Amino acid sequence: MPDTRLRRSAGVLLAAFFALPLAVLVVRAFADSWRAPALVPQHFGLRGIREAFSGIALDAFANSLVVAVIVTAIAVAVGWPAARVLGERRLRRPGAVFVVLAMPLLVPSYATGNGLTEWLLRLNLADSITGLVLAHLVLVLPYVIVVLLSAFGPRVTVLEDMARSLGLTPLQRWRWVTLPAVAPTLAAATFLGFLVSWSEYGSSLAVGGGRELLPVILLPFVRSDPQIASALALLFLAPAIAALGLAARAARSPL
Amino acid sequence: MSAALECVDVAASPGGALVLRGVGFSIPAGGRSVLVGPSGAGKTTLLRAIAGLQALDAGDILLGGRSLRGVAPHRRRVAVVFQEPRLLAHLDVVDNVALALRAAGVGRAKRRARARERLEQVGLSAFVNRSVQGLSGGEQQRVALARALCAEPDLLLLDEPLAALDPNRREELRGLIVRLQAELGLTTLIVTHDRAEAAELGERVALMLEGRIVQHDEPRALFERPVSAAVARFFGVANLLRGDVRDGLLAFGGAHIAVPGADGPATLAIRPEHVTIDGDCLLRARVVESVYSGSFVKLVLDCAGQRLHAQVPPGDAPPAGAQTGVALPIAHLWRLPGAQDEQRVGTAPTG
């Protein structure tokens, strides 16, 4: 069957496209020396891993995780009602709201972060987790809202009307009808929100100061020491993959 | 327990446009009424208002003598079968049917057993462990009906429950709804836009035009004794003969028709199927159009300048262009109450 063969080779090609850079990353992380023409490193070693799991990197990992989790939680909690109103077309002029939401995404995030720092300094929030959370929210919230709003609309409201007429209390309605109906989109929005915060560099650099996040300490090593950068990247990858797994699971059966 | 429904001067404007303009009608406990009317008349809005899904501008809705004003939809004990089945895709058939029992805190085994009984009642006992995906439209609508019955409501509302089904399925489900309603003695209001369906489904039929109930009566009365020209037109009474009654007689096409009631302007209504062709009759007409449509022939007659519509058996139908006599059996002639009737419907001030 040429058709299945074509499909299989397309699949292999696609998988290779994503997997090969990751494979190189793993090898690079364990290569104490690996010069260009050679396909295999000359010396394997744990120098990169030791650096990646040193105090400063682990602190940054913890900071990044705390910030990303808090930002995602707030973005979903605040974004839900906003997405609902936009998705159900209850605004007379949604265009203005979208422009305001999209503005931080159009400006480089370093610039947004710089502008925010001026305010955070005056609010006494610079160099704090709160400051980083606020800075990331500006970027994460639009993503969460724009993804989540597609879940709402007549498809959900007609089910909710049905639930009302059957005597479901507001909480039961939310738990048994609304949440399952929006679960796949909610999972996607949450995953995206987490990733945007987790990988945010520009505003983290601008606002961070004393509190370094993982992308901020990773990037300088990309030029100076690829082995440490690769090891850090593996550390960077772990929560993202965990989040993807959780999102895929939650989309199938929420809570 | 089944309860009586009463709507008193109900006004509502979904999306800002006044749709219900003072609806008043009632259904006794255990009664079955059909709400019929053209699209846009406000039927679904009234249903949503009764279910609590649409706020009222004015008026009141009473269930079992108790006002529903301020009662949240989920506390009204009013179950709705919507035009689309609205099943939950993540639950199987039984859990969909048992949803209201789950909300009421009935244990899993017990509620699933009761849901199975309901599924049996709607003729779906074989579908118990099925997922809702892959059910046909008719099956899904039966599941929705079983789900509504499982809530043991005081009032059942059905919004065009047959509209999305093909004719055979429609026939079956219509029979099922009538049979179950009679068995359970459940107060029921059914919305449809189809007048034949209204006649077949309802003990009584309420016609809604432009946000008001204009006549609520047994089906036959709406077809044969309409209260206004607008009602007559909706129910296919194509012939409205207008004239002046003098000494109890109305002159029409060279004949005189005896008319009950006072002298003065009058409008007589007669259904096309009651107009008969009889060569000996004094009332003469020319056949303008003769259309064969299977079980009968549709005739358009010119009777001294007035158009008459008739439906006659295929054997007796004269061809187009023929001259013939027409009989208007006195038993089927109905004088519309009120001469200015035509103006009254639809243009009366609101409130």
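Just so we're clear, the structure is a prediction, and the values are computed from it rather than from any experiment. All chains are named by letter (A, B, ...) in the order of the sequence lines, taking the proteins before the strands, and each is independently numbered beginning at 1.
Taking a 6.0 Å sphere around OH of Tyr143(A), one finds it holds 12 or fewer heavy atoms contributed by other residues, nucleotides or ligands. The environment of CZ in Arg179(B) is crowded: more than 12 heavy-atom neighbours from other residues, nucleotides or ligands sit within 6.0 Å. Environment of CZ in Arg92(A): sparse, with no more than 12 heavy atoms of neighbouring residues, nucleotides or ligands closer than 6.0 Å.
Of the residues considered (Asp161(A), Leu159(A), Thr169(A), Val177(A)), Asp161(A) shows the highest number of contacts with chain B, using heavy-atom pairs under 4.5 Å. Ranked by heavy-atom pairs under 4.5 Å with chain A, the list Arg75(B), His90(B), Arg102(B) is led by Arg102(B).
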Start with the C-alpha distance between Arg164(A) and Arg76(B), add both sets of side-chain angles, then the distance that settles side-chain contact (heavy atoms from CB on, under 4.5 Å), and finish with yes or no.
CA-CA 9 Å; Arg164(A) 278 192 189 91; Arg76(B) 292 193 175 201; over 6 Å; no

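Heavy atoms closer than 4.5 Å to chain A are found in the side chain of Leu53(B), but not in its backbone. If you measure heavy-atom distances from Leu87(B) to chain A, the contacts under 4.5 Å come from the backbone alone. Both the backbone and the side chain of Ala79(B) come within contact range of chain A, judged by heavy atoms closer than 4.5 Å. When heavy atoms are compared at a cutoff of 4.5 Å, Ala151(B) approaches chain A solely by way of its side chain, counted from C-beta outward. For a residue to count as touching a neighbouring chain, one of its non-hydrogen atoms must lie under 4.5 Å from one of that chain's; by this rule Val80(B) touches chain A with backbone and side chain alike.
Here the side chain of Arg86(B) pairs a donor or acceptor atom with the backbone of Val158(A) at under 3.5 angstrom.
Closest approach of Gln172(A) to Ala103(B), counting heavy atoms only: NE2-O, 2.9 Å.
The distance from the CE atom of Met162(A) to the CG atom of Leu99(B) is 6.0 Å, given to the nearest 0.5 Å. Atom CG of Leu47(B) and atom OG of Ser165(A) lie 10.0 Å apart (nearest 0.5 Å).
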